[in-house]
Amino acid sequence: MRFSTRAIHEGPAIDAATGAVSPPIYLSTTFRQFAPNVNQGYVYSRSGNPTRANLETTLGRLESGRGALAFSSGLGALTTLLASLRTGSRIAAVDDLYGGTWRLFEHFRRQFGIRVDYYDLSDPARLGPALEEGADLLYIETPTNPLLHLVDLRASARAARDAHAKLVVDNTFATPALQRPLEFGADIVLHSATKYLGGHSDVVGGALVLRTPKDLERFTWLQNAVGAVPSPFDCFLVLRGLRTLGARMRAHGESARAVSEVLDGHPKVRRVHYPGLASHPQHKLAKRQMDGYGGIVSVDVRGGQRGALRFVKGLKLFTLAESLGAVESLVDHPASMTHASVPKVERERHGVTDGLLRMSCGIEDPSDLADDIRRALRGI
Ligand SMILES: *Cc1c(COP(=O)(O)O)cnc(C)c1O
């Protein structure tokens with residue numbers, strides 16, 4: 001079965017007690033024990049909760065994993081992942097990363113002696129040097145945020161395996177509707193469920209999906225020990241989001257295609273980054289490892305920060321806001337917003353210039369979004 005069908009039919013079964021088609025929300029924090037440690041599978045809601053279990057089972061299946069664990073945010077999931085390391089552990093990471101991920105890596109580097117090195121991995125030839133000294137984790141995003149570089153999943157999995165490192169893929173941008181890294185040999189998938197999985201800008205959440213039973217057991221222990229767990233209501237919202245994920249990702253892709261085509265080659269535009277454009281340097285790789293190109297388009301407009309802010313002012317359908325991946329279109333100015341915690345030299349070296357804008361194309365009618373972009377470009 002294809003993804004959209006699985007997203008609906010591999011979700012929670014119809015409630016046996018009542019026939020409810022939509023799963024109930026179990027708010028209970030604690031569960032009766034017939035005798036100490038004799039129970040019906042649940043004890044205390046940090047350790048396990050039936051609503052959270054529904055979300056975890058569904059997401060684990062959709063990502064082709066052994067199982068998934070839900071967290072209170074994407075960074076809650078990352079904190080728990082990093083809690084599996086020890087002083088002296090090494091992370092080889094892609095250099096274009098979500099700003100909050102970079103900030104947390106740097107914190108663990110300074111406070112706990114975790115080694116972190118960053119590499120441009122858009123060229124698979126750099127995987128060798130990145131892993132030469134050995135690593136515990138090879139950490140990648142693909143497509144990356146905000147420049148939409150791709151990293152070759154198959155080559156990364158092979159290189160990680162040879163170096164005895166675990167390959168971790170932040171799959172927030174693509175979602176399992178478009179890309180399932182575990183099928184390419186990745187070990188762990190990380191999500192900010194705040195974005196496409198939730199999809200409606202109304203829930204903050206995160207997840208880890210594990211390929212092996214051993215990792216699932218280890219991270220289940222850490223999930224309970226660290227305690228960065230989501231509320232049952234938040235789990236319900238993400239679970240509801242998953243049911244429409246296939247349809248939404250198709251619509252996001254159509255919007256992004258329309259937006260990227262207006263921007264591509266426009267005289268007020270220096271560069272547009274979208275893996276679906278034939279001009280994207282890794283378009284062929286995108287075709288190979290993705291089932292679509294996603295809803296994010298980044299654009300470097302002429303006139304630096306002034307040009308970028310004039311363009312944003314002219315937009316009527318794109319709201320200036322952090323975050324991405326929801327039904328309504330949003331625009332972000334990474335240099336001053338989401339990536340402000342990354343020093344300017346560092347940023348500019350990777351191409352996150354003052355003129356760069358990240359457009360999260362929503363599921364409005366694509367032609368209305370294209371008209372909005374045309375009009376705003378005239379204002380630069
Ligand atoms: C937002 C985001 C995160 C962090 O997730 P939160 O839910 O905000 O904690 C991590 N990775 C990517 C790619 C993101 O976009």
Got a second to check how far [X]'s [atom1] is from [Y]'s [atom2], nearest 0.5 Å?
X      : Y      : atom1 : atom2 : result
Asn39  : Tyr44  : CG    : OH    : 15.5 Å
Asp332 : Leu320 : CG    : CG    : 7.5 Å
Asp96  : Asn145 : CG    : CG    : 7.0 Å
Glu322 : Ser201 : CD    : OG    : 12.5 Å
Leu242 : Leu197 : CG    : CG    : 5.5 Å
Gln282 : Ser122 : CD    : OG    : 5.0 Å

> Checking salt bridge (charged side-chain N to carboxylate O under 4.0 Å, His left out) for the pair Lys214/Glu217: CA distance, chi angles, key distance, verdict?
Replying inline: CA-CA 5 Å; Lys214 200 167 154 217; Glu217 189 183 317; over 6 Å; no
> Distance under 6.0 Å and angle within 45° of the ring axis: does Lys195 meet both against Tyr98?
Replying inline: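 Yes; both conditions hold, so Lys195 lies above the ring face of Tyr98.
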>> Between Asn171 (side chain only) and Gln179 (backbone N and O only), is there a donor and an acceptor less than 3.5 Å apart?
In response: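 Checked: pair present.
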>> Assess the residue pair His149 and Leu121 against the criterion (side-chain contact (heavy atoms from CB on, under 4.5 Å)); give the C-alpha distance rounded to whole Å, side-chain angles, the decisive distance to 0.1 Å, and a yes or no.
In response: CA-CA 9 Å; His149 296 159; Leu121 297 176; over 6 Å; no
Measure from the ring center of [X] to the ring center of [Y] and say whether it is less than 6.0 Å.
X      : Y      : value
His252 : Tyr196 : yes
Tyr293 : His283 : yes
Tyr26  : Tyr42  : no

>> Assess whether a salt bridge exists between Arg257 and Glu261, defined as any Lys/Arg side-chain N lying under 4.0 Å from an Asp/Glu carboxylate O.
In response: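 So Arg257 pairs with Glu261 through a salt bridge.
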>> Between Asp215 and Lys166 (salt bridge meaning N to carboxylate O under 4.0 Å), is one present in this structure?
In response: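 Counted as a salt bridge, because a side-chain N and a carboxylate O are separated by less than 4.0 Å.
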> Of all heavy-atom pairs between Leu356 and Pro334, which one has the smallest distance, and what is that distance?
Replying inline: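 That closest heavy-atom pairing would be O-CD, 3.3 Å.
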Identify each donor-acceptor pair in which a side-chain atom of residues 301-317 lies under 3.5 Å from a protein atom, sequence neighbours left out, and give them as a table.
residue, atom, partner, partner atom, Å
Arg302, NE, Pro267, O, 3.0
Arg310, NE, Gly379, O, 3.0

